[in-house]
Chemist: 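Can you read through this structure? Questions will come right after.
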Amino acid sequence: MNIDPKLLRTIARNVAVITVLFIVIFSTMMAVNYIQTRGSLIHENEVLAQLKALSDQNSENTELFDQIRQLDLMARKAFFVNKNALTSGIVILVVLFVVLVVSLRIYYDGLKDLPDKEIDPIDDWAMKTLARKYVRWAGVGFAVVSLMFIALNMNLYSLLPGGDEKEEIAAVEAITESESAGEAAQAVPEEGVPAAEESIGGEDSVKGDSVGIAEAATATPVEVSKVTHNAFRGNNGSGHSSAKNVPVQWDVTSGKNIAWNVKIPLTGHSSPVINGNHVFITGASNQSRELYCFELSSGKLLWTAKADNIPGSPSAMPKTAHGTGLAASSVSTNGSVVCAIFATGDVMGVDMNGKRLWAKNLGVPDNHYGYASSLLMYGKTLFIQYDNTTAPAVIALDPQTGNERWRKARSGDKIAWGSPIIAQVGGKPQLVLMGLPNMTAYNPSTGEQLWKLECFSGEVGASPTAANGIIFGASEYSSVVAINATDGSLLWKAEDFLPEVSSPVATANHLYVTTSYGMLACYDVKTGKVVKEVETGGEFFSSPMIVEGKIYIMDNSGRMFIFKADAECAQIASFNTGLKGMTTPAFTDGKIVIRTETNLYCVSNPN
Amino acid sequence: MKRAVSSLIISATAFCANAVNRFPKPDFSSGYEYPTHYYPVPAEPIWGIIDLVVLVSLMGVVAYSVIKRSIRRPVLWITVLSVLYFGFFREGCVCSVGSLQNIAAGVADSSVIVPIGVLLFFVLPILFTLLFGRVFCGGVCPLGAIQELVHIKSFRLSKAISTVLGLIPWFYLGFAVLFAITRSGYLICRYDPFVGIFRLGGDSVIIGFGVVLLILSLFIGRPFCRFICPYGAVLSLFSRVSFKKTEITRHGCINCDLCRNACPVDAILPPYENQIKESRSKGVQRVLLYMVVLPLLMGVGAILLRSASDTLSLVNKRVQLLELVKTGQADTQGIETVELQAFFGKGGTVEDLQKEVELVQSQFKMHSTWVGAFFGLVVGLTLLSLSLKRTRKTYTIDPAACVSCGRCFSYCPQNNLDPTSLVLNTELLKQKS
């Protein structure tokens with residue numbers, strides 16, 4: 001059958017035009033559909049995210065789980081329907097493109113490419129001259145782009161006057177920041193040498209404080225120390241503070257060196273935490289669980305955040321021992337968020353203005369004395385040692401949202417009251433938990449268990465400490481142990497002096513243990529031999545802190561002992577503060593904040 | 001600023017490399033049992049042999065058709081076959097274009113083993129080019145073939161513009177070799193615009209780029225081959241000195257000008273008519289000037305690229321990792337990223353990584369110097385070649401640019417192979433006159 005070539009070309013042209021129209025319309029529709037449905041991705045589904053957040057707070061609600069499952073399934077179906085639609089659309093477009101090419105080929109088949117209007121100069125030499133010009137410009141363009149890359153890669157500080165100095169300062173700041181993040185636990189000073197500068201939170205702490213300062217609306221600006229005390233026993237739970245000019249004498253009764261002394265609205269045994277001009281503490285009663293923020297400079301109560309209306313929170317308070325109560329766990333902060341936990345299992349995150357960011361109930365801990373492990377924040381993660389009788393676990397949360405980063409069941413461990421610490425081992429952080437019967441180290445990023453060593457018996461109430469890659473733990477009716485943190489192997493074990501509640505603290509050479517029968521024992525960290533024992537006659541539940549080369553330890557009667565942190569443990573001071581307390585004081589430059597049974601007071605060095 | 005540049009480059013690289021849209025696993029257990037993982041078995045060696053046989057056969061057919069018979073139709077069918085076999089069936093790999101990176105890496109580092117198949121894929125097209133011109137580009141290379149198939153009508157670009165764009169393949173070649181010998185990645189493979197189309201999946205940005213090239217190919221002949229392909233640039237060197245060259249006609253050119261517009265790659269040069277008179281001494285002075293400037297250009301190129309070598313080295317994964325480690329260390333509020341977890345988890349130390357990176361950076365410094373000099377050489381030689389006057393009496397094929405597609409044969413009135421073309425060409429001559 002012969003088809004008229006002209007007719008064929010006309011048909012081909014019309015087909016090509018129609019195909020182009022189809023392609024344009026179809027592409028537009030696909031683009032619109034893609035833009036409209038791209039939000040249906042599961043990980044971008046806001047409703048699903050909200051429901052998940054609700055379910056995190058209310059783990060018992062099976063109905064909510066079912067709703068999430070159904071919505072999740074719908075979202076997945078929608079995703080695949082869209083994906084299939086997109087794939088089909090692309091196939092149709094490809095077919096249309098092939099039709100277009102074939103029809104255009106037929107159309108142009110009869111039309112040979114005739115020489116058309118010259119786009120170049122007729123003269124070959126003129127064209128080459130023009131090409132040379134373009135090539136020269138291209139070469140210059142390439143050189144300019146290269147120079148831009150080079151300039152951007154240069155350290156512009158070095159071009160400025162005094163640039164080297166600025167660079168040095170920047171380098172020092174960077175080192176300080178990096179050290180302060182995680183090395184406080186490892187930055188163990190030699191005796192008599194102050195600990196390295198600490199400024200966890202860094203800029204954040206200043207940021208957080210600026211709000212408090214603004215709220216205080218004082219006429220004169222308040223000087224805020226960068227030395228923080230972000231958790232129980234200081235940053236990373238190390239038992240060290242880099243605070244300077246710390247008072248060595250005070251008396252609450254006479255007011256000597258007392259900056260302020262205020263009554264805490266509700267009772268508790270949590271230790272104070274300092275970040276900038278903020279002092280955080282918790283208190284609780286059967287009716288209310290509260291987080292308080294006091295102004296460090298004045299003692300003024302800035303705000304109170306209540307742990308109320310939390311889904312899953314028990315209506316009846318769990319039974320606790322008198323010495324524990326509902327607010328025994330210390331809070332932790334990173335300068336942006338402060339997190340608190342109570343014996344009810346309620347945990348919450350509050351910003352520096354007192355605004356509650358999130359709250360959830362982890363399930364009421366099965367604990368016969370009452371939950372007492374303190375929180376610890378490291379970087380952007382909040383760690384909770386949730387050792388209880390039924391389901392001991394370690395939980396990592398996002399302090400900004402309360403979302404779970406990871407959770408590890410602590411199988412093989414039983415109930416304990418210790419608090420987590422961060423130890424720097426070979427430049428890497430380890431999350432170390434002291435439980436019953438194991439000392440366990442985890443990767444703080446993933447929760448991966450790094451090592452575990454069985455070493456305790458009885459009831460474990462103290463927390464571990466670390467120095468130079470060695471983890472120390474001590475517990476009454478058990479032993480003092482030193483563990484190589486690189487592989488979890490036991491270095492030595494001793495049974496001379498053991499703490500009941502008080503946690504030990506270590507320097508590069510010595511481990512200091514304070515007992516509930518008033519002994520301060522100094523162990524050699526290499527051998528485990530007791531090199532010094534000091535009888536004080538007191539009873540220590542509070543934990544010792546090493547500041548400016550001195551050991552600060554307060555007994556339950558409120559008597560403060562200050563020893564030199566060396567092998568001799570020479571007593572520097574011993575005096576009655578005037579108020580009883582079992583908590584561990586918090587330190588910052590020139591100030592100590594102490595919680596007693598009823599009050600919170602600040603000791604300030606007049607110098 | 002340095003960190004900003006680093007972040008930009010790392011992000012750009014990560015963006016381009018992130019080909020898969022991650023899909024979250026269900027948060028709840030549904031009882032679904034995941035199938036057992038299995039890994040694809042290694043490719044049968046027989047396929048490597050078949051690939052080579054097909055490659056040689058197709059190049060042979062193209063050479064026979066273009067050199068011996070001066071006909072296009074078999075070349076067109078080879079084009080279809082190549083797209084189907086090397087493109088969609090073999091999914092664009094092994095390809096001769098990418099193989100030059102393996103060869104470069106193998107030459108620079110004796111520990112890099114270049115498989116014999118890859119070596120032959122690199123060498124055989126060069127060998128055929130030395131004998132018959134760019135017959136590999138004619139229809140055997142799937143990247144060129146797919147553009148050839150969709151090409152409808154040629155709209156010529158200004159020669160000046162196409163000359164400048166013609167520098168890109170040489171620059172691309174330089175960077176591809178630089179990154180290959182520093183073990184920083186195979187640029188040509190990573191940014192192959194058509195492999196995603198052949199594999200029916202891949203990075204959407206790169207596939208989009210391939211689609212744009214195909215749309216351009218409708219009316220501009222082979223944009224990828226002419227303005228991007230580094231292997232084409234290499235072959236163009238050999239085709240200049242090929243034993244046999246493609247001829248438009250063997251019956252003598254009558255300067256009818258019909259063939260020139262038929263060439264999709266603008267490889268047919270018209271007779272040279274010098275209308276602008278320039279004194280011979282001025283032309284000689286220009287040539288001498290460019291000969292003097294040539295080493296200068298090479299020196300400038302070497303210095304520039306050597307100076308930019310630290311920035312270029314950020315493409316290397318180890319250098320990127322060190323940047324991440326430094327950023328991670330400086331971020332006091334940050335938790336370890338997945339990359340850092342993997343690095344430290346495998347027992348890596350910053351000191352070792354630093355040493356490794358210093359070695360990479362020193363390699364970059366040295367090789368960037370050579371590549372920069374090469375860029376200067378390319379620009380200088382291009383300027384020199386544009387400063388030479390060549391006399392042409394008839395329409396002739398530029399062997400460096402010709403891709404042996406054979407489109408021009410049917411346009412030549414001298415190739416009156418059949419009555420149809422005779423009538424057609426007579427008609428065309430009438431129209432022209």
Side-chain angles (χ1 to χ4, degrees), chain A residues 42-43 52 65 68-69 72 76 79 97 101 104-105 108 112-116 119-120 122-139 142-143 146-147 149-150 152-156 174 177-178 180-181 200-202 204 334 378-381 427-428 443-446, chain B residues 1-2 4-5 23-24 26-28 30 149-150 152-154 156-161 163-164 167 171 214 218 257-258 260-262 270 272-276 278 297 300 304-305 307-308 310-311 329-330 332-336 341 344 349-350 375 379 382-383 386-387 389 411 424 428 431-432:
Chain A
I42 293 162
H43 53 281
K52 281 179 183 174
F65 277 4
I68 293 172
R69 277 200 184 97
D72 187 87
R76 280 167 201 277
F79 175 85
F97 187 73
V101 168
L104 283 175
R105 268 187 175 278
Y108 281 109
K112 288 285 183 182
D113 288 312
L114 285 177
D116 48 18
I119 53 171
D120 281 322
I122 298 295
D123 186 79
D124 194 55
W125 186 248
M127 186 276 298
K128 282 189 171 178
T129 306
L130 188 65
R132 277 202 306 273
K133 186 178 160 189
Y134 285 8
V135 169
R136 283 197 300 268
W137 278 113
F142 180 75
S146 302
L147 283 171
F149 258 84
I150 295 161
L152 287 173
N153 195 38
M154 284 170 72
N155 191 338
L156 297 180
E177 281 179 13
S178 65
S180 62
I200 285 194
D204 277 348
N334 59 7
Y378 178 68
K380 291 175 183 167
T381 306
K428 296 176 204 169
N443 181 333
S445 304
T446 61
Chain B
M1 184 62 82
K2 186 176 176 180
V5 175
F23 195 77
D27 292 341
F28 301 101
S30 61
L149 281 183
V150 300
I152 305 294
K153 182 175 165 58
S154 297
R156 280 171 40 217
L157 294 172
S158 162
K159 192 79 178 174
I161 289 173
T163 305
V164 173
L167 294 174
F171 281 65
L214 285 183
L218 289 172
D257 197 32
L258 291 176
R260 191 151 68 103
N261 259 32
Y272 174 52
E273 300 169 30
N274 187 12
Q275 292 177 354
I276 298 173
E278 188 183 66
L297 284 173
V300 169
L304 281 175
L305 228 63
S307 307
D310 280 351
T311 309
Q329 284 179 336
T332 56
Q333 296 296 305
I335 206 91
E336 279 183 348
Q341 285 170 23
F344 289 120
T349 64
V350 181
F375 289 168
V379 173
T382 307
L383 286 170
L386 289 169
S387 305
K389 290 177 188 170
Y411 280 80
L424 187 62
L428 288 171
Q431 285 181 35
K432 185 175 187 258

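All values derive from a computational prediction rather than experimental measurement. Just so it is clear: chains get the letters A, B, ... in the order the sequence lines come, proteins before strands, and each one is counted from 1.
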Chemist: As an exercise, state the distance from NZ of Lys128(A) to NZ of Lys389(B), rounded to the nearest 0.5 Å.
Modeler: 9.5 Å

Chemist: Any donor and acceptor pair, going by atom type alone, linking the side chain of Arg136(A) with main-chain N or O of Leu383(B) inside 3.5 Å?
Modeler: no

Chemist: Is it the side chain or the backbone of Leu305(B) that comes within 4.5 Å of chain A heavy atoms, both, or neither?
Modeler: side chain

Chemist: Going from CG on Leu147(A) to CZ on Phe142(A), what distance comes out if it is rounded to the nearest 0.5 angstrom?
Modeler: 10.0 Å

Chemist: Mind ranking Val150(B), Thr163(B), Val379(B) by heavy-atom pairs under 4.5 Å with chain A and telling me who comes out on top?
Modeler: Val150(B)

Chemist: Distance from Lys159(B) atom NZ to Tyr134(A) atom OH, nearest 0.5 Å?
Modeler: 14.5 Å

Chemist: Examine whether an atom of Leu167(B) lies under 4.5 Å from a heavy atom of chain A, and if so say whether it belongs to the side chain, the backbone or both; otherwise answer neither.
Modeler: side chain

